[in-house]
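Structure first, commentary second.
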Amino acid sequence: MPDPTSIPMYKPAQIEPKWQKKWAEDGLYHADIDPEMPKFYALTMLPYPSGDLHIGHWYAMCPSDARARFKRMQGYNVMFPMGFDAFGLPAENAAIQRGIHPRKWTMRNIEVMRRQLKTMGTMIDWRREAISSDPSYYRWTQWFFIQFFNNNLAYQKEALVDFCPHCNTTLAREQVHGEERYCERCGTPVIKKNLVQWFFRTTNYAEELLDFSGIDWPEQVKTLQTNWINRSEGASVRFKTEIGDEIEVFTTRPDTLWGATFMVLAPEHPLVDKITTSDQMEAVITYQLQAERMGDIQRETADREKTGVFTGGYAINPVNDEKIPIWIADYVMMSYGTGAIMAVPAHDQRDFEFARKYDLPIVVVIQPPDEEPLVSEVMEAAVPAAGEMVNSGPLTGTPAEDAFQQAIAHIEAKGVGEYSVNYRLRDWLISRQRYWGAPIPIVHCPECGALPVPEDQLPVELPMDVEWLPTGESPLKLHPTWRFTTCPHCGGEAERETDTMDTFMCSSWYHLRYLSPWHDQYPFDPQEYDYWMPVDTYTGGIEHATMHLIYTRFFHKACRDLGITKGDEPMLQLRNQGMVLGEDHEKMSKSRGNVISPDDLVAAYGADAVRAYLMFFARWELGAPWNSSGIEGSIRWLRKVWFTFLEPPAQAGTASQETLRNLRRKVHQTLQSITYDFETFNFNTIVSGLMELVNEMTAAKSAGAYGTQAWKEAESIYLRMLAPVCPHIAEELWSRTGHAYAIHNQPWPEVDEEAAKEDQITLIVQVNGKLRDRMTVPASISEEEAKSAALASENVQSYIAGVRPKKVIYVPGRLVNIVV
RNA sequence: GCCGAAGUGGCGGAAUUGGCAGACGCGCACGACUCAAACUCGUGUGCCUUCGGGCAUGUGGGUUCGAUUCCCACCUUCGGCACCA
């Protein structure tokens with residue numbers, strides 16, 4: 001223990017605010033265009049200003065900040081911006097409950113969070129801050145909407161949509177989660193409503209969104225998006241009804257067309273009324289009402305027994321002209337494909353169950369190989385498609401694997417259908433019946449229809465004088481004057497659209513606003529765009545895989561096609577962090593009382609220790625439960641670093657050449673591995689490497705290394721490696737050890753390969769693959785020398801007991817394995 | 001049912017290409033310091049052991065001189081999707 005009067009104690013509460021202030025005053029982290037320097041755009045998902053920065057924010061941001069700092073030291077011109085996703089429901093709920101205006105509530109929260117963010121000691125360039133609820137921001141959100149509208153990428157339609165009865169608004173399909181189909185924000189099960197809503201044509205980009213070839217994203221995210229888009233290949237086939245209407249179906253199995261023995265429509269299918277015969281009308285209407293009442297959750301449970309009703313109508317199978325009955329059944333969904341299917345009971349289990357229940361014909365069209373011919377009357381289940389086509393007109397006799405292509409060729413030649421690709425991805429529903437969002441810049445004129453607000457009139461500002469009545473309706477609808485305006489085309493009386501935009505619209509382009517939040521001629525300054533875009537590293541939670549991360553890719557591609565953005569992808573590299581759980585291994589929540597407050601931790605340990613612990617305590621991409629005593633390790637380590645560098649040794653000694661050589665080796669080996677770990681997001685081993693090295697340095701210090709040239713080098717490299725992780729203590733020690741401000745402007749150290757080289761290795765000696773001896777040998781040992789040294793080992797001799805080795809395996813620099 | 005991720009000491013985790021399993025840290029035990037405690041420092045710490053060694057990376061197989069790592073089958077946990085035609 002040092003004499004506390006001679007060496008100052010490590011007091012983060014003093015050092016941290018001091019350096020934060022200095023860095024801010026000096027504009028140390030200002031990122032400005034510099035054509036001479038390679039750029040690096042490091043982005044972390046923008047937070048919602050809930051009013052309190054929780055440990056999850058720190059977990060997302062500190063390691064990202066550390067990596068951005070590392071890149072900066074590597075010589076990149078790094079931009080690391082921050083902002084707030086400031087529209088959204090909680091602000092509005094606070095207004096309803098406590099009478100505070102959402103703007104006031106939001107801005108107050110932002111102030112708190114900005115202050116909290118600053119205690120983290122990040123390299124955020126605050127000049128680039130963007131707040132999505134600011135009119136200077138949402139003016140451009142509206143501008144983007146208008147570009148989409150003018151180019152047929154935004155449209156209005158009436159549809160059966162998901163509605164959250166708790167949030168009182170419609171939701172996009174992506175924002176309805178789980179089997180219980182609950183609201184992404186509040187967890188309430190959604191209901192279906194038939195409403196006129198605004199959509200973006202995300203489906204135009206379905207195919208392109210499946211292509212990840214240009215980007216380095218986690219496999220998991222790519223898989224989630226791929227499954228969400230759910231592409232399937234098949235054919236569109238048109239069946240004619242007896243009375244002449246056309247029913248289009250999508251099938252992935254056009255090869256089984258000859259086995260289609262009936263058709264099934266969703267109960268809501270628009271043709272049902274027309275097809276249904278008068279004697280079936282009553283049964284059909286009863287069934288439709290029943291399906292409507294049931295709701296999607298119940299209806300989409302796959303293991304329910306299938307039910308349905310005959311419409312009385314018939315269709316003609318276009319390949320064999322067979323007359324087949326048309327049924328309705330709730331196992332066919334209006335929301336997928338065309339809401340109608342051709343049923344092939346012999347080869348589809350659902351259709352099979354339905355056919356058996358209602359005694360509908362089953363025709364086998366694929367005969368499995370090496371089996372007795374199938375007899376439809378005695379089949380117990382649908383059979384899979386391998387074998388040879390039977391009962392299939394011109395396709396009879398072809399192997400099943402060729403039948404898909406031939407069937408398509410056949411229907412195309414006949415003009416009754418064609419090759420087709422279907423996606424599960426839906427167009428993005430962006431209308432929200434809420435106040436605190438960017439108003440959709442549309443005017444509805446009874447004469448001219450829906451027209452965009454002229455761009456020079458943007459933004460369509462939210463009125464501030466609004467009242468929240470417990471009607472569940474947006475206050476925009478109830479405002480006495482706001483909604484009334486004139487038509488931009490004919491000048492007549494018209495009304496504003498009172499729906500606002502999904503806040504995912506705001507977050508689809510915030511990375512562009514960061515480029516130049518001061519710019520007022522365009523969403524961004526094109527010069528800034530050309531320099532900084534695309535985003536080089538994007539970090540955030542995996543929960544956005546099928547929401548924000550699909551929307552922002554769509555947005556970028558749509559804008560590219562409108563000439564606004566360049567390149568095919570907005571974010572080149574994506575990495576996800578995991579979640580910090582409570583000490584009870586449960587998700588942190590106020591109701592569970594297991595929330596860890598970063599403010600308390602900073603007060604107790606300092607930001608550097610918190611940063612280090614967050615990087616150290618788990619694999620970043622997985623996360624882990626918090627451990628209150630674990631963080632003690634971080635503060636112990638920083639105290640150790642502090643005294644190792646500042647406290648002169650009790651007595652001066654002269655280190656041996658070997659001590660100094662070993663010190664240098666460890667320093668450069670650590671530098672090598674830490675550099676690699678920063679590149680690959682292995683944050684936990686960065687910190688453990690730094691811990692190991694300071695342990696080694698302590699030992700070298702007691703061996704007399706303090707003050708030597710090797711020590712000075714170790715000190716300089718150590719502090720520079722520490723700087724991205726713990727920026728404050730690194731700066732403080734840098735200055736106290738006589739280096740010039742600022743450590744964060746120093747270059748990342750260079751590895752001395754020669755110094756990192758081992759000159760001695762531990763040679764592992766195995767007998768039959770089991771460890772029997774270890775020997776320290778020169779790294780330059782030859783194969784012959786290694787083998788004979790191993791064979792000469794006493795331990796080894798006792799195991800091989802004079803038996804002649806069958807084989808001796810040598811792995812250079814590692815081991816000798818003697819097989820007997 | 002389908003798709004994906006993960007399973008290593010009491011705990012978080014390490015092992016970059018198939019080559020010393022358990023780095024680093026927490027916790028625990030013992031010791032030093034202290035009137036005492038905390039802090040700090042030191043030592044030890046996978047399990048079993050007849051002290052020779054044996055057994056250990058979810059389970060069972062396989063490939064290999066050698067497997068936490070590759071292959072096959074399965075189990076558990078978590079996440080996503082789901083009557084998707």
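Just so it is clear: chains get the letters A, B, ... in the order the sequence lines come, proteins before strands, and each one is counted from 1. Hydrogens, waters and symmetry mates play no part in the numbers below; they use all other heavy atoms, side chains included.
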Sequence neighbours excluded, which residues qualify as side chain to side chain contact (heavy atoms under 4.5 Å, CB included) partners of [X]?
X: A/Gln220; result: A/Ile542
X: A/Arg665; result: A/Arg661, A/Asn662, A/Gln669, A/Glu758, A/Asp759
X: A/Ala789; result: A/Met775

Between [X] and [Y], is any side-chain donor less than 3.5 angstrom from a side-chain acceptor?
X: A/Lys640; Y: A/Asn695; answer: yes
X: A/Ser236; Y: A/Glu248; answer: yes
X: A/Ser629; Y: A/Asn627; answer: yes

Give [X] one of three labels, base, sugar-phosphate or nothing, depending on what nucleic acid heavy atoms sit under 4.0 Å from its own.
X: A/Ile764; answer: base
X: A/Ser673; answer: base
X: A/Arg350; answer: base
X: A/Trp637; answer: nothing
X: A/Gly234; answer: nothing

One should read off an interatomic distance between A/Arg575 CZ and A/Asp216 CG, to the nearest 0.5 angstrom, of 4.0 Å
Salt bridge check: are [X] and [Y] linked by an N-O gap of less than 4.0 Å?
X: A/Arg356; Y: A/Glu353; result: no
X: A/Lys357; Y: A/Glu305; result: yes
X: A/Glu233; Y: A/Arg231; result: yes

Contact under 4.0 Å: [X] side-chain N or O vs [N] OP1/OP2:
X: A/Asn230; N: B/C81; result: no
X: A/Arg636; N: B/G27; result: yes
X: A/Tyr676; N: B/U16; result: no
X: A/Arg424; N: B/A82; result: yes

In numerical order, the residues of residues 618-626 of chain A whose heavy atoms come under 4.0 Å of RNA chain B are A/Ala618, A/Arg619, A/Gly623, A/Ala624
Within residues 686-695 of chain A, the residues having a heavy atom closer than 4.0 Å to RNA chain B are A/Ser688, A/Met691, A/Glu692, A/Asn695
Residues 610-625 of chain A vs side chain to side chain donor-acceptor pair (under 3.5 Å), sequence neighbours excluded, gives A/Asp65-A/Arg611, A/Arg619-A/Glu621
Annotated structure of RNA chain B as dot-bracket, pair cut-off 3.5 Å, Watson-Crick or G-U only, | for inter-strand, is (((((((..(((......[....)))((((((.......))))))(((....)))..(((((..]....))))))))))))....
Rounded [atom1] spacing from [N] to [M] in Å:
N: B/A67; M: B/C48; atom1: P; result: 25 Å
N: B/G7; M: B/A82; atom1: C1'; result: 26 Å
N: B/U64; M: B/U69; atom1: C1'; result: 13 Å
N: B/C72; M: B/C78; atom1: P; result: 25 Å
N: B/A23; M: B/U76; atom1: P; result: 32 Å

Note: A/Thr670 and A/Gly689 closest approach over all heavy atoms is CG2-O, 3.7 Å
For A/Glu180 and A/Pro189 the tightest heavy-atom approach is O-CB, 3.9 Å
In terms of relative ring orientation, are A/Phe645 and A/Tyr718 parallel, tilted or perpendicular, with 30° and 60° separating the classes? tilted
From [options], nucleotide with atom closest to [X] side chain:
X: A/Phe616; options: B/G12, B/A85, B/C3; result: B/G12
X: A/Thr762; options: B/U40, B/C24, B/C20; result: B/C20
X: A/Asn627; options: B/C83, B/G13, B/C26; result: B/C26
X: A/Tyr182; options: B/G4, B/G25, B/G80; result: B/G80

Distances for protein N/O vs nucleotides 64-68 of chain B N/O pairs under 3.5 angstrom?
| from | atom 1 | to | atom 2 | distance (Å) |
| --- | --- | --- | --- | --- |
| B/C65 | OP1 | A/Lys807 | NZ | 3.3 |
| B/C65 | O2' | A/Asn817 | ND2 | 3.4 |
| B/C65 | O2 | A/Asn817 | ND2 | 2.4 |

Review point. Side chains of A/Val725 and A/Phe683: closer than 4.5 Å at any heavy-atom pair?
Key: no
Measure all distances between protein nitrogen or oxygen atoms and nitrogen or oxygen atoms of nucleotides 50-54 of chain B, and list the pairs falling under 3.5 Å.
| from | atom 1 | to | atom 2 | distance (Å) |
| --- | --- | --- | --- | --- |
| B/G54 | OP1 | A/Arg772 | NH2 | 3.3 |
| B/G54 | OP2 | A/Arg772 | NH1 | 3.4 |

Residues 627-636 of chain A vs salt bridge (Lys or Arg N to Asp or Glu O under 4.0 Å), sequence neighbours excluded, gives none
Sorted by chain and number, sequence neighbours left out, side-chain hydrogen bond (donor to acceptor under 3.5 Å, both in side chains) with A/Thr546 holds for none
Applying salt bridge (Lys or Arg N to Asp or Glu O under 4.0 Å) to A/Glu583 and not counting sequence neighbours gives none
From CD of A/Glu174 across to P of B/G80 the rounded distance in Å is 15 Å
